[in-house]
There are 2 protein chains.
Amino acid sequence: MSDVRESADPGQGLTAAAFAPHDHKRCRVEGLARAEAVAATEGLRLTAVRRRALEILLEAHRALGAYEVLDRLAADGFGRQPPVAYRALDFLVEHGLAHRIQRLNAYTACMNPGRRHAPLFLICRACNAVAEAGGTRVRTALEGVAAEVGFAVERASVEAVGLCPACRQAGGA
Amino acid sequence: MSDVRESADPGQGLTAAAFAPHDHKRCRVEGLARAEAVAATEGLRLTAVRRRALEILLEAHRALGAYEVLDRLAADGFGRQPPVAYRALDFLVEHGLAHRIQRLNAYTACMNPGRRHAPLFLICRACNAVAEAGGTRVRTALEGVAAEVGFAVERASVEAVGLCPACRQAGGA
DNA sequence: CCTTGACGGTTACACTGTAACATATGCTAT
DNA sequence: ATAGCATATGTTACAGTGTAACCGTCAAGG
Ligand SMILES: [Zn+2]
Ligand SMILES: [Zn+2]
Ligand SMILES: [Zn+2]
Ligand SMILES: [Zn+2]
């Protein structure tokens, strides 16, 4: 209750909750709740597989590969062929409930779905944690550079690899 | 350490040369010359396969997949198995003579090798051109966000998809 | 000469992603 | 109600991307 500054932070929206100690159960519960709300608002069908896939992503503060998600889905009685996972993940990404981490060929739950945001990802190379941070400032800078050469940005991915606070202290060198 | 700024000299990649009309032969010739210089300075062995792989990348202002490069290498009498291309490309990337475009699983020649730089890529979804631009401002913004959550950035990839000037005018919308 | 190490060639395989088709389910129009 | 349609989930089979491991060549050095 006390230390979670994770909820809405309209303008800057940066939280990187994954790097701070927090009540992780809330990540799952609130994540699902936000998704339900978005689905209701936008008339999306958050079916069993899709919901479970999102839940699987929410349970990890790292990016999961499609086949990792697939294994867990299969263990829960869903199909065990690749398209099962890819379709669920594509749905989540398309509707902003999850993000694809290009660098890892993997997926992570969106921490702030529903609002338009230009997320940015911080990937710890030591513990594999992935945090979503607010990329408004970065996006603005990017648009600036693009404008100088006449390029119109539609989508952008910004991914940084490095060390999270915990692993830095642990001397991840 | 977080001092990754590109040298402030003029005429550098900032111009996103790929999007402007230019004498393309010079791209290949000067690109190879720059690579030779870097190799000489740093004691790298720019062998035949590696040089040819770089030349192949320089001839295109788009990103080429490893297997595309492999086809061309094979056509020139080099090996026709994947590791041939991957090893050459890994070498080029590792020494800053080429970059990997995560979003496309592809590679592109570096337009400004030798200097430490934080490149940023503009990818046209209509004509597939890829331009390398100067990412210093973006990188600075990124470092700022990362610092706020205690994350130490080591490497970052910034890739934007959209429309290049030409395709915008052509109504690529 | 013989070793050493980097390089480039090979085979074989692992991982990631998709096309195409079949079945179930629920909504709509008659 | 029921026929028709769209969506979603499941399947098989395959395409695309990337690596591990091994082997012969060749240059440098004892
Ligand atoms: Zn959590
Ligand atoms: Zn970490
Ligand atoms: Zn050119
Ligand atoms: Zn274009």
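Because the structure is a prediction, the values reported are computed rather than measured. Order of the sequence lines sets the chain letters (A, B, ...), proteins ahead of strands, with each chain counted from 1.
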- Interatomic distance, A:L70 CG vs C:dC15 P [rounded to whole Å]: 14 Å
- Item | Atom-pair distance (CG on B:L104; C1' on C:dG17), nearest Å | 15 Å
- Message: Output the rounded distance in Å from CD1 (B:I101) to P (D:dG18).
- Response: 13 Å
- Linking I/L/V/M/F/W/Y whenever their side-chain heavy atoms sit closer than 4.5 Å, directly or via other members, would A:L120 and B:L122 fall into one cluster? yes
- Roughly how many Å is it from CG in A:D71 to C1' in C:dC15, rounded to a whole number? 12 Å
- CA sep, side-chain torsions, deciding dist, call: B:E30, B:K25, salt bridge (charged side-chain N to carboxylate O under 4.0 Å, His left out): CA-CA 8 Å; B:E30 295 182 2; B:K25 183 179 291 181; over 6 Å; no
- Measure from CZ on B:F91 to P on C:dC7 and round the result to the nearest Å. 7 Å
- Task: Could I get the full list of salt bridge (Lys or Arg N to Asp or Glu O under 4.0 Å) partners for B:R34, not counting sequence neighbours?
- Result: none
- Message: Any side-chain N or O of A:N105 below 4.0 angstrom from OP1/OP2 of C:dG17?
- Response: yes
- Message: Could you tell me how far apart A:Q102 (CD) and D:dT17 (P) are, to the nearest whole angstrom?
- Response: 14 Å
- Query: Quick one: B:Y86 OH to C:dT10 C1', roughly how many Å, whole number?
  - Reply: 17 Å
- List in chain and number order the residues that pass salt bridge (Lys or Arg N to Asp or Glu O under 4.0 Å) with B:R62, two or more places apart in sequence or in another chain; answer none if no residue qualifies. B:E68
- Item | Those residues that, when tested against B:R52, pass salt bridge (Lys or Arg N to Asp or Glu O under 4.0 Å) (two or more places apart) | B:E55, B:E59, B:D76
- Applying ring pair (Phe, Tyr, Trp, His ring centres under 6.0 Å), name anything that partners A:F151, two or more places apart in sequence or on another chain. B:F19
- Which of residues 49-63 of chain A have a heavy atom under 4.0 Å from DNA chain D? A:V49, A:R50
- Item | Summary of ring-ring contact (aromatic ring centres under 6.0 Å, His included) pairs that have at least one residue in residues 26-72 of chain A, sequence neighbours excluded | A:H22-A:H61, A:H24-A:H61
- Taking only residues two or more places apart in sequence or in another chain, which ones pass salt bridge (Lys or Arg N to Asp or Glu O under 4.0 Å) with A:R80? none
- Query: Who pairs with A:F78 by ring pair (Phe, Tyr, Trp, His ring centres under 6.0 Å), at least two apart in sequence or on another chain?
  - Reply: none
- Task: Any ring-ring contact (aromatic ring centres under 6.0 Å, His included) involving residues 110-141 of chain A? Give me the pairs, sequence neighbours left out, ordered by first then second residue.
- Result: A:H99-A:H117, A:H99-A:F121
- Query: Which whole-number value in Å describes the distance from A:L44 CG to D:dA6 C1'?
  - Reply: 16 Å
- Task: Do nucleotides 11-16 of chain D as a string where each nucleotide becomes B, S or -: B if the base has a protein heavy atom under 4.0 Å, S if just the sugar-phosphate does, - if no protein is that close.
- Result: BB----
Set out, line by line, the N/O atom pairs under 3.5 Å between protein and nucleotides 23-27 of chain C.
none

- Query: Can you name the residues that form a ring pair (Phe, Tyr, Trp, His ring centres under 6.0 Å) with B:F91, not counting sequence neighbours?
  - Reply: B:H95
